[in-house]
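Structure record follows, encoded as structure tokens.
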Amino acid sequence: MVVYRVAHDKDSGKPLNHMHTSIAKAIVGDWGMKAASDAVQIFGGYGYIHEYPIERFLRDAKLGQIGGGTSEMQRFIISRILSYF
Amino acid sequence: MNYDLTPEQLSIKENFSKFCTKEIEPRAQILDHATHEEVDKLIKENIKMLAGIGYLGMGHDEAYGGTNLDLISQAIAGEEVAGACASTFLSCGASSGLFGVPVKLFGTDAQKKKYLPGIIKGDLIGCFGLTEPGAGSDAASIKTSAVKKGDKWILNGTKTFITNATIADVALVFAYNDKSKGPGTGVTCFLIDKGTRGFSVSKPFDKMGFRGSPTAELILEDCEVPEGAVLGAVGNGFIQAMQTLEYGRIGMATVCLGIAAKCLQYANKYSKERNAFGKPINRFQEVSFKLADMMILSDVSRLLIYQAAWAKEMKNPESAVLASVAKVWASEAATQISSMAVQIFGGYGYIKEFPVERLYRDAKLGEIGEGTSEIQRVMIAKDLIRKYAA
């Protein structure tokens, strides 16, 4: 929903809402990593070997916290916006 | 799909925010510190005030004095009420929601006429009696019994942790009328008026939080009620309770959101004004990242609540699980956010003069009331397993 909201902002021609984009990027990046890690844990040993796709998800998910502005940068942006309120 | 509030919803937000900031919020701390007797008086006044601006009628039909607004509008107003005083939200919710909604959905015309106008005006206060000393999450194991004797029902049992018990004029009580049929068709819900013989209320509990909303036990000792006290039909009680709790979960998520948003508001303001090492503390990353996390967690809570409310409004079969998702997220977010708020306030956050101390205590109820986080996860997991079973 946080992602769809950013898309909706864009589709309805509104100026970019930095709060919405940073919230989406931060939470989806962080929870993607958590979900992938939990999935590996549920698969146990099988989650750790190349034969199953799960270990790839965990490797891929890590990029979500780094690329396109790290999770830390998103929090920096959110807190800067908050400081104006 | 649309993520913008309607002009009507925006004006509800503004009106409730203004009213609650002026009338309700200044009383929150007083209510929290009041004695049980004072609480009963003050909370009734708050319920009456909010009824005056139409809050208790938002989910009810116009025929009974309500405004029949959508669930998102109710959540918007609820967030403002809860942020101003979570106890007030809880007592209003128990009366017009937990009591009012099942009467609206399942009651006979006579029952609706008898109770709903008073509930909506704040002249009558209701409560909802399902939980028992030995049956919380496991609601099907309630022991309260109802035995038919001529044209009367005789009820025996004890209900506990009942919001509004000491101030309620009427209670909904769930009891087994036929244990052999099991919960699905063996439980019936009864409307019991205050003053009915055999019906009494215990002393209120001393709670950690929500101290402005009275909670006590309902005691039924050979309590005799007429046939007309059955809500809807005999045997439908358990399903009525479960359907009501779906609304209740959105409500509990909403009170958590109100608490969380208020914590963020206070902490954000304080962190700009408080200086340490020569600059405002919000310029330190340890503090500013907490504020960002508070914003992220509460913003997602709001979206999940609106999603659950929308799904319920659209009669989406997913609405029950979405209400559970919103409730788990919003309640756990609120405990984390309120803890971070106390941390940002430092020593001031730990003393009763500052409201974050109250908010921190209030927040914890969210993970327990209306179905614990654990029970929500059980239901979410069951739903997932069922979906992927085929």
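Proteins get letters first, then strands, A, B, ... in listed order; numbering begins at 1 in each.
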query: Can you check whether B:N268 reaches A:F85 side chain to side chain, under 4.5 Å on heavy atoms?
result: yes
task: Indicate yes or no: at least one non-hydrogen side-chain atom of B:Q285 is less than 4.5 angstrom from one of A:S79.
output: no
- prompt: Can you tell me how far the OG atom of B:S288 sits from the CD1 atom of A:I77, to the nearest 0.5 Å?
  reply: 12.0 Å
query: Between atom CG of B:D293 and atom CD1 of A:I78, what is the distance when rounded to the nearest 0.5 Å?
result: 8.0 Å
query: Are side-chain heavy atoms of A:M19 and B:M295 found at a separation under 4.5 Å?
result: yes
message: So for atom OH, which belongs to B:Y360, do other residues, nucleotides or ligands contribute more than 12 heavy atoms lying within a distance under 6.0 Å?
response: no
- request: Inspect the surroundings of CZ in B:F284 and state if more than 12 heavy atoms from other residues, nucleotides or ligands are less than 6.0 Å away.
  value: yes
message: Using 0.5 Å steps for rounding, measure from the CD1 atom of A:I27 to the CG atom of B:L297.
response: 6.0 Å
message: Within the structure provided, determine whether B:D4 and A:K14 are in side-chain contact (heavy-atom separation under 4.5 Å).
response: yes
query: Nearest 0.5 Å, what's the CG-OG distance between B:N2 and A:S12?
result: 7.5 Å
- prompt: For B:E273, does the CD atom have more than 12 heavy-atom neighbours from other residues, nucleotides or ligands under 6.0 Å away?
  reply: yes
- prompt: If you draw a 6.0 Å radius around CD in B:E313, do more than 12 non-hydrogen atoms from other residues or ligands fall strictly inside?
  reply: yes
message: Nearest 0.5 Å, please: how far is NZ in B:K272 from CG in A:L82?
response: 8.5 Å
query: Which of residues 59-68 of chain A get closer than 4.5 angstrom to chain B, counting heavy atoms alone?
result: none
message: Holding to ring pair (Phe, Tyr, Trp, His ring centres under 6.0 Å), I want the full list of residues that pass it with B:Y306, two or more places apart in sequence or in another chain.
response: none
message: Before you tell me yes or no, could you show the steps for B:D299 and A:H20 under side chain to side chain donor-acceptor pair (under 3.5 Å), namely the whole-Å CA-CA distance, both residues' side-chain angles and the distance that decides it to 0.1 Å?
response: CA-CA 9 Å; B:D299 189 59; A:H20 289 176; 5.5 Å; no
